[in-house]
Amino acid sequence: MERRSRHQLFRLPDITAMKQQQLPAYQLHFSATMVFSIFFAAGIFCLLMGIFLILSARSIQKVEINYTKTCGNCAKLREDAFNHGKICTCSIPFVLAKSMQGNVFMYYKLYGFYQNLYRYILSRSNSQLLSKDLKAVEDCAPFKMSHTEIPFAPCGAIANSMFNDTIILSYNLNSSIHIQVPMLKTGITWRTDKYVKFKNPGASNLTDKFAGTAKPPYWPKPVYELDPDNPENNGFLNDDFIVWMRTAAFPTFKKLYRRLHRIHYFIEGLPAGNYSFNITYNFPVTKFQGEKSVVLSTLTWSGGSSLFLGLAYTVTGAMTWLASFAMLAIHFMLKQRKASTLQQQSKALKGQS
């Protein structure tokens, strides 16, 4: 018995405020007035924010042109893999009825392209993209090496399927003068992607740095020739490549392609008038019943033209207000019932006396 009691005493927790749960605590007691005030204030805030976001999204100017069927001849040409070396272009005229003021951004939009497939997302080499080891292609199946056992750079399914249409916007000043709208290729990526997740193997002479590697099978040129005019926008640090490598969550998505360089005729933005998209068609979509569009859009402080955030705030605010009124009605009902109960009790006590 003595051994057993000693063992039991040994297993007891220490006599401290923490282990004996004797620490000081503070329990919040909100009054009904405070709870209703918080709910009403939250509802007003969400409603006002939602209305403001919806109005902001409505103010955005956007032009979207689907060129899948318009460039149908090029689409048929790209269905045959043997025509990969042939160049096919098409021109799509359109009229901008109202000028697009401020910064203007050009996007390409794909329909029915699933970048969220599990094996597709994993088919990349972060070690290679950081230039730690250009031959680290173990995770890039099925696009790891060429038939001559030379590693692809960049490797993987994501890089191999990179969007490669060339889109040029032209402004038709009059019937005889056509001006190419100046667009910037840089400044379209996330800062963390550009300076953290991607690095070139060297600051100069990328041709030698990428020696011993091969271009992906669907690419017309190697990675070190993506932008020969700008060494800082070449190799793994090419903005178009980095934008494509950030995979989309849904099968219909758009990615930033260019941004307006506001000079000469375009200081204030895109003036109203006649324009045309001149497209070099390279990216096939008809085999998987997909579509392609080019989008011109302005932005606001809250982002693009999506109404989802504004509608979410509005619905949340409306539901909060409905909950507030429901709780207020229940509170008054319980208060009246309690008052009537007290009156009955007081009458009963008076009758007994």
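All of these numbers come straight from a predicted model, not from anything done at the bench.
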Original post:
Aromatic rings Phe94 and Tyr275: how do their planes relate, parallel, tilted or perpendicular, breaks at 30° and 60°?
Top reply: parallel
Original post:
Relative to each other, are the rings of Phe113 and Phe253 parallel, tilted or perpendicular (30° and 60° limits)?
Top reply: perpendicular
Subject >> Close aromatic pair by centroid cut-off 6.0 Å: Trp244 and Phe198 >> reply: no
Original post:
How about Asn103 and Arg262: do any of their side-chain heavy atoms sit closer than 4.5 Å?
Top reply: yes
**OP:** Identify whether the distance between the nearest side-chain nitrogen and carboxylate oxygen of Asp240 and Lys255 falls below 4.0 Å.
**Re:** no
Subject >> Side-chain heavy atoms of Ile92 within contact of Ile279, under 4.5 Å >> reply: yes
Subject >> Gln61 side-chain N/O to Ser99 backbone N/O, donor-acceptor pair under 3.5 Å >> reply: yes
Original post:
Under 3.5 Å, is there a donor-acceptor pair between the side chain of Asp165 and the main chain of Tyr281?
Top reply: no
Subject >> Main-chain N/O of Asn172 paired with Asn274 side-chain donor or acceptor, under 3.5 Å >> reply: no
Subject >> Heavy-atom pair with the smallest gap, counting every atom of Ile51 and Thr314 >> reply: N-OG1, 3.9 Å
**OP:** Assert yes or no for the condition that the ring centre distance of Tyr171 to Phe266 is strictly below 6.0 Å.
**Re:** yes
**OP:** Apply the test side-chain hydrogen bond (donor to acceptor under 3.5 Å, both in side chains) to residues Thr68 and Tyr111: give CA-CA distance (whole Å), side-chain angles for both, the deciding distance (0.1 Å), then the verdict.
**Re:** CA-CA 10 Å; Thr68 309; Tyr111 298 82; over 6 Å; no
**OP:** Using the side-chain contact (heavy atoms from CB on, under 4.5 Å) rule, pick out the option among Lys292, Glu291, Arg78, Glu79 that qualifies with Val285.
**Re:** Lys292
Subject >> Residues forming a salt bridge (charged side-chain N to carboxylate O under 4.0 Å, His left out) with Asp139, sequence neighbours excluded >> reply: none
Subject >> Pairwise distance OG(Ser127) to NZ(Lys135) - rounded to 0.5 angstrom >> reply: 15.0 Å
Original post:
Is there side-chain contact between Asn282 and Pro220, with at least one heavy-atom pair below 4.5 Å?
Top reply: no
Original post:
Looking at side-chain heavy atoms only, is the closest gap between Trp190 and Lys197 below 4.5 Å?
Top reply: no
Original post:
Taking Asn234 for the side chain and Tyr224 for the main chain, is one N or O donor matched with an acceptor at less than 3.5 Å?
Top reply: yes
Original post:
Do you know the tightest heavy-atom contact between Gly212 and Pro151?
Top reply: O-CD, 3.6 Å
Original post:
Yes or no on side-chain hydrogen bond (donor to acceptor under 3.5 Å, both in side chains) for Thr33 and Ser31, after CA distance, side-chain angles and deciding distance?
Top reply: CA-CA 5 Å; Thr33 304; Ser31 64; 4.7 Å; no
Subject >> Face-on cation placement of Lys254 at Phe105 ring, 6.0 Å and 45° thresholds >> reply: no
**OP:** Might you point out which heavy atoms bring Leu311 and Ile54 nearest each other, and give the distance in Å?
**Re:** CD2-CD1, 3.9 Å
Original post:
Is a side-chain donor or acceptor of Ser131 paired with a backbone partner of Lys199 at a separation under 3.5 angstrom?
Top reply: yes
Subject >> Test salt bridge (charged side-chain N to carboxylate O under 4.0 Å, His left out) applied to Asp239 and Arg191, Lys194, Lys185, the passing residue >> reply: Lys194
**OP:** Look at the side chain of Asn200 and the backbone N and O of Phe236, then say whether any donor-acceptor pair between them is shorter than 3.5 Å.
**Re:** yes
Original post:
Does Ser125 use its side chain to pair, donor to acceptor, with the backbone of Ala136 at less than 3.5 Å?
Top reply: yes
Subject >> Which atom of Phe241 lies closest to which atom of Gly235, heavy atoms considered >> reply: CD2-O, 4.5 Å
**OP:** Would you name the heavy atoms of Pro182 and Ile263 that are closest together and state the gap between them?
**Re:** CG-CG1, 3.9 Å
**OP:** For Gln128 and Pro154, work out which heavy atoms get closest and say how close.
**Re:** OE1-CA, 3.4 Å
Original post:
Could you walk me through whether Cys88 and Cys74 pass the disulfide bond (SG atoms under 2.5 Å apart) check?
Top reply: CA-CA 6 Å; Cys88 187; Cys74 294; 1.9 Å; yes
Original post:
Side chains of Phe152 and Pro217: closer than 4.5 Å at any heavy-atom pair?
Top reply: yes
Subject >> Sole residue of Leu184, Ile167, Ile188 in side-chain contact (heavy atoms from CB on, under 4.5 Å) with Met106 >> reply: Ile167
Original post:
So, for Phe277 and Tyr67, is the gap between ring centers shorter than 6.0 Å?
Top reply: no
Original post:
So do Leu226 and Trp219 actually touch side chain to side chain, heavy atoms under 4.5 Å?
Top reply: yes
Original post:
Roughly how far, to the nearest 0.5 Å, is NZ of Lys109 from OG1 of Thr252?
Top reply: 7.0 Å
